[in-house]
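Notes follow once the structure below has been shown.
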Amino acid sequence: MQKLGWTALAVLMLAACSQEDGGAPGNDGADETPAADETKAAKTADDSADGADAAQEAVRPPTDPYPSTYEPYPSDVVLITGATLLTGTGAQIDNGAVLLQDGKIMAVGAVGEVEAPESATVIDAGGKWVTPGVIDIHSHLGDYPSPSNASTSDGNEMTSPNTAQVWAEHSIWPQDAGFTRALAGGVTTLQVLPGSANLFGGRSAIIKNVPSRSVQGMKFPGAPYGLKMACGENPKRVYGEKGGPGTRMGNFAGYRGAWIEAEAYKKSWDDYWADHEAWTGKDDDDEDKGDAPDAPERDLKLETLAGVLNGDIRVNMHCYRADEMVQVLDMAEEFGYKVSAFHHAIEAYKIADYLAENDVCAAMWADWWGFKLEAFDTVPENAALVHAQANSCAIIHSDSATGVQRLNQESAKAMAAGRRIGIDIEPKDAIAWITANPAKSMGILEQTGTLEPGKMADVVIWNRNPFSVYAKAEHVFIDGVLMYDRSDPKRSPRMDFEIGQLNNKHTGGAGQ
């Protein structure tokens with residue numbers, strides 16, 4: 001299927017829609033023959049048999065009713081050579097080379113160790129730096145798109161403290177100009193989350209930063225769903241005068257009540273499947289067999305929470321204060337689920353050892369603070385102090401349509417703050433904050449996040465050390481395809497509503 005560029009997203013291809021065949025004119029069925037009657041009778045019998053077979057099957061709600069339709073664009077064989085490589089695995093390779101082929105990273109190593117076929121396009125990256133594609137674990141692009149107005153503000157379903165039934169992907173607008181600006185910052189993958197007004201905000205969507213006419217065409221293939229939860233000030237502020245919760249203890253009562261409901265819901269389905277298996281194991285002539293057991297009624301809200309309890313959906317917890325993070329982990333132990341990451345995590349430095357011991361990531365800003373009381377008690381060294389713990393998982397995230405464009409510089413600020421207090425953090429380590437660590441937390445590290453053979457060829461070429469204030473992403477590859485080239489207007493994409501605007505020349509992702 002031919003792929004479309006960013007500016008072709010508005011093409012609806014209505015002319016391709018086929019008309020339904022209404023049958024031959026004048027044929028009202030009056031001329032059917034006995035042979036036709038026999039055929040209809042046989043079909044009716046087959047349908048009955050099919051219905052009987054269907055009755056034998058247990059009801060299983062779909063776990064992925066809106067599957068990804070993403071397919072990588074056609075790619076060339078590309079050899080990037082002569083660059084300094086930050087692999088995301090803790091290694092730095094000076095004068096290194098990366099071979100991209102068939103949408104994958106085929107080889108990584110020093111120049112001379114990586115062989116490429118004669119047909120390869122060779123990019124001389126001498127003096128430049130190469131990293132994995134940047135991953136933003138906390139984005140609202142598409143759900144709060146640009147241009148911003150009330151009609152496109154679709155990220156917060158502020159109608160109930162528990163809206164676990166909503167899915168962020170059903171609000172994502174693929175034509176958000178923020179996607180192209182993020183691409184210019186080296187961002188190849190994002191987790192789009194619902195907002196933080198609710199105790200349970202809904203499911204996240206993990207997407208590739210590619211042009212598509214639908215969100216399914218952007219969805220990261222095989223990525224697990226996440227659940228957005230929020231603690232602290234936001235839920236009690238939003239619902240304090242709407243029936244509650246109005247306090248932090250009300251927040252926790254709301255969580256625990258929902259998890260109790262989810263446990264019962266999960267058990268009802270587990271029991272049903274066990275009963276159905278026992279029923280199908282009985283002989284058809286068994287007098288005690290009876291009819292197939294009835295499936296429970298589906299509940300979309302509890303279906304999401306049961307998915308967390310099953311370990312299929314990962315928890316992303318918006319939480320600022322250290323004491324609340326500890327309480328949330330106690331609650332996770334009470335109900336047998338795992339928190340993948342605390343987001344914003346202003347006070348993560350106070351419990352950095354505890355987070356590491358529990359294998360929980362902290363997704364943080366470099367220096368946002370003070371905009372509300374629970375965001376007051378942070379330090380610039382927050383990320384560095386989390387990073388300093390053995391087996392830690394520090395992440396720098398955006399939560400911002402502008403911050404996502406320069407996650408490399410946000411990481412540089414956090415790295416510099418750590419160095420000022422004696423924590424020796426090198427670029428080869430800090431790059432994991434925006435590549436490997438978010439991929440780990442999101443459950444996609446086996447596919448992306450590092451420069452390793454077999455991974456998706458999501459790669460960025462920077463004009464210099466990416467932690468320099470002067471650093472710019474020059475080339476961005478997604479699955480081996482050059483999706484952004486700072487020097488080429490054809491690879492500096494713009495969205496449809498930007499085209500034809502006054503004085504809108506070579507802007508797009510490059511922002512020139």
Side-chain angles (χ1 to χ4, degrees), residues 72-136 182-189 208-210 220 407-408 411 426-440 444-468 471-488 491 509:
Y73 284 63
S75 60
D76 298 324
V77 181
V78 176
L79 177 66
I80 304 168
T81 184
T84 300
L85 310 183
L86 302 178
T87 65
T89 64
Q92 177 174 321
I93 303 174
D94 298 323
N95 196 25
V98 183
L99 178 64
L100 315 181
Q101 187 172 357
D102 298 326
K104 303 291 185 182
I105 297 172
M106 298 299 292
V108 179
V111 169
E113 296 178 355
V114 177
E115 297 182 359
E118 292 183 1
S119 61
T121 298
V122 179
I123 298 178
D124 182 358
K128 304 181 189 301
W129 292 58
V130 173
T131 71
V134 175
I135 300 174
D136 189 4
L183 184 67
V187 175
T188 57
T189 301
K208 304 276 282 189
N209 194 9
V210 295
F220 193 110
L407 284 172
N408 59 310
S411 300
E426 297 299 326
K428 64 185 178 66
D429 301 314
I431 195 63
W433 297 351
I434 52 174
T435 58
N437 288 355
K440 171 190 170 183
I444 56 173
L445 183 57
E446 291 186 2
Q447 291 79 37
T448 191
T450 62
L451 299 181
E452 293 182 280
K455 295 284 184 80
M456 293 173 169
D458 297 345
V459 177
V460 184
I461 303 176
W462 305 84
N463 65 338
R464 64 190 73 217
N465 184 333
F467 299 107
S468 165
K472 294 180 179 180
E474 291 191 339
H475 298 84
V476 181
F477 295 85
I478 298 179
D479 288 308
V481 183
L482 181 60
M483 301 299 292
Y484 173 75
D485 182 343
R486 184 167 293 273
S487 64
D488 183 359
R491 292 292 186 272

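Here the shortest heavy-atom pairing between V476 and G186 reads CG2-CA, 4.0 Å. Of all heavy-atom pairs between G103 and S75, the closest is N-OG, 3.5 Å. The shortest heavy-atom contact between D429 and G90 is OD1-CA, 4.4 Å. Considering all non-hydrogen atoms of both residues, W462 and A473 come closest at CE3-N, 3.6 Å. G88 approaches A432 most closely through the heavy-atom pair O-CB, 4.0 Å. Nearest heavy-atom pair, A107 versus V114, reported as atom, atom and distance to 0.1 Å: CB-CG1, 3.8 Å.
Taking 4.5 Å as the limit, some side-chain heavy atom of P466 sits within range of a side-chain heavy atom of L86. The shortest distance between side-chain heavy atoms of V459 and V130 falls below 4.5 Å. Side-chain contact between V98 and L85 is present, with at least one heavy-atom pair separated by less than 4.5 Å. A 4.5 Å side-chain heavy-atom check between I478 and L183 finds at least one atom pair inside the cut-off. The shortest distance between side-chain heavy atoms of T450 and T435 does not fall below 4.5 Å. Contact annotation: the side chain of I135 never approaches that of I434 to less than 4.5 Å [non-hydrogen atoms, C-beta and beyond]. A heavy-atom distance below 4.5 Å is found between the side chains of N465 and P427. Proximity of F477 to I80: side-chain heavy atoms (C-beta onward) are separated by under 4.5 Å at one or more points.
In summary, of the residues considered (D488, V78, L482), a side chain to side chain contact (heavy atoms under 4.5 Å, CB included) with H475 occurs for L482 alone.
Sequence neighbours left out, the pairs with a member in residues 106-128 that pass side-chain hydrogen bond (donor to acceptor under 3.5 Å, both in side chains) are K128-E474. Among residues at least two apart or in separate chains, there is no salt bridge (Lys or Arg N to Asp or Glu O under 4.0 Å) pair with a member in residues 77-105. Sorted by first and then second residue, the side-chain hydrogen bond (donor to acceptor under 3.5 Å, both in side chains) pairs involving residues 79-90 (not counting sequence neighbours) are T87-T89.
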**Message:** Working note: T448 + F220, criterion side-chain contact (heavy atoms from CB on, under 4.5 Å); need CA distance, chi angles, decisive distance, verdict.
**Reply:** CA-CA 10 Å; T448 191; F220 193 110; 3.9 Å; yes
**Request:** Starting from the C-alpha separation in whole Å, work towards a yes-or-no answer on side-chain contact (heavy atoms from CB on, under 4.5 Å) for I123 and L79.
**Result:** CA-CA 6 Å; I123 298 178; L79 177 66; over 6 Å; no
**Request:** Could you go through the side-chain contact (heavy atoms from CB on, under 4.5 Å) check for R486 and Y484 one step at a time?
**Result:** CA-CA 6 Å; R486 184 167 293 273; Y484 173 75; 3.3 Å; yes
**Prompt:** Between N408 and V134, is a side-chain contact (heavy atoms from CB on, under 4.5 Å) present by the stated rule, with each step listed?
**Reply:** CA-CA 8 Å; N408 59 310; V134 175; 5.8 Å; no
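For the atom pair CG (L451) and CD1 (I105), the distance works out to 5.0 Å, reported to the nearest 0.5 Å. Atom CH2 in W129 sits 4.5 Å away from atom CD in Q92 (nearest 0.5 Å). From L100, atom CG reaches atom CE of M456 across 14.0 Å, with rounding to the nearest 0.5 Å. Distance check, rounded to the nearest 0.5 Å: CE of M106 to CD of Q101 gives 5.0 Å. To the nearest 0.5 angstrom, Q447 atom CD is 10.5 Å from D458 atom CG. Atoms NZ and OG1, from K208 and T189 in turn, are 4.5 Å apart once rounded to the nearest 0.5 Å.
For D136, the salt bridge (Lys or Arg N to Asp or Glu O under 4.0 Å) test picks out no residue, with sequence neighbours left out. Here A182 pairs with L141, V187, N209, V404 under the side chain to side chain contact (heavy atoms under 4.5 Å, CB included) rule; sequence neighbours left out. Contacts of K455 classified as salt bridge (Lys or Arg N to Asp or Glu O under 4.0 Å), with partners at least two apart in sequence or in another chain: E452.
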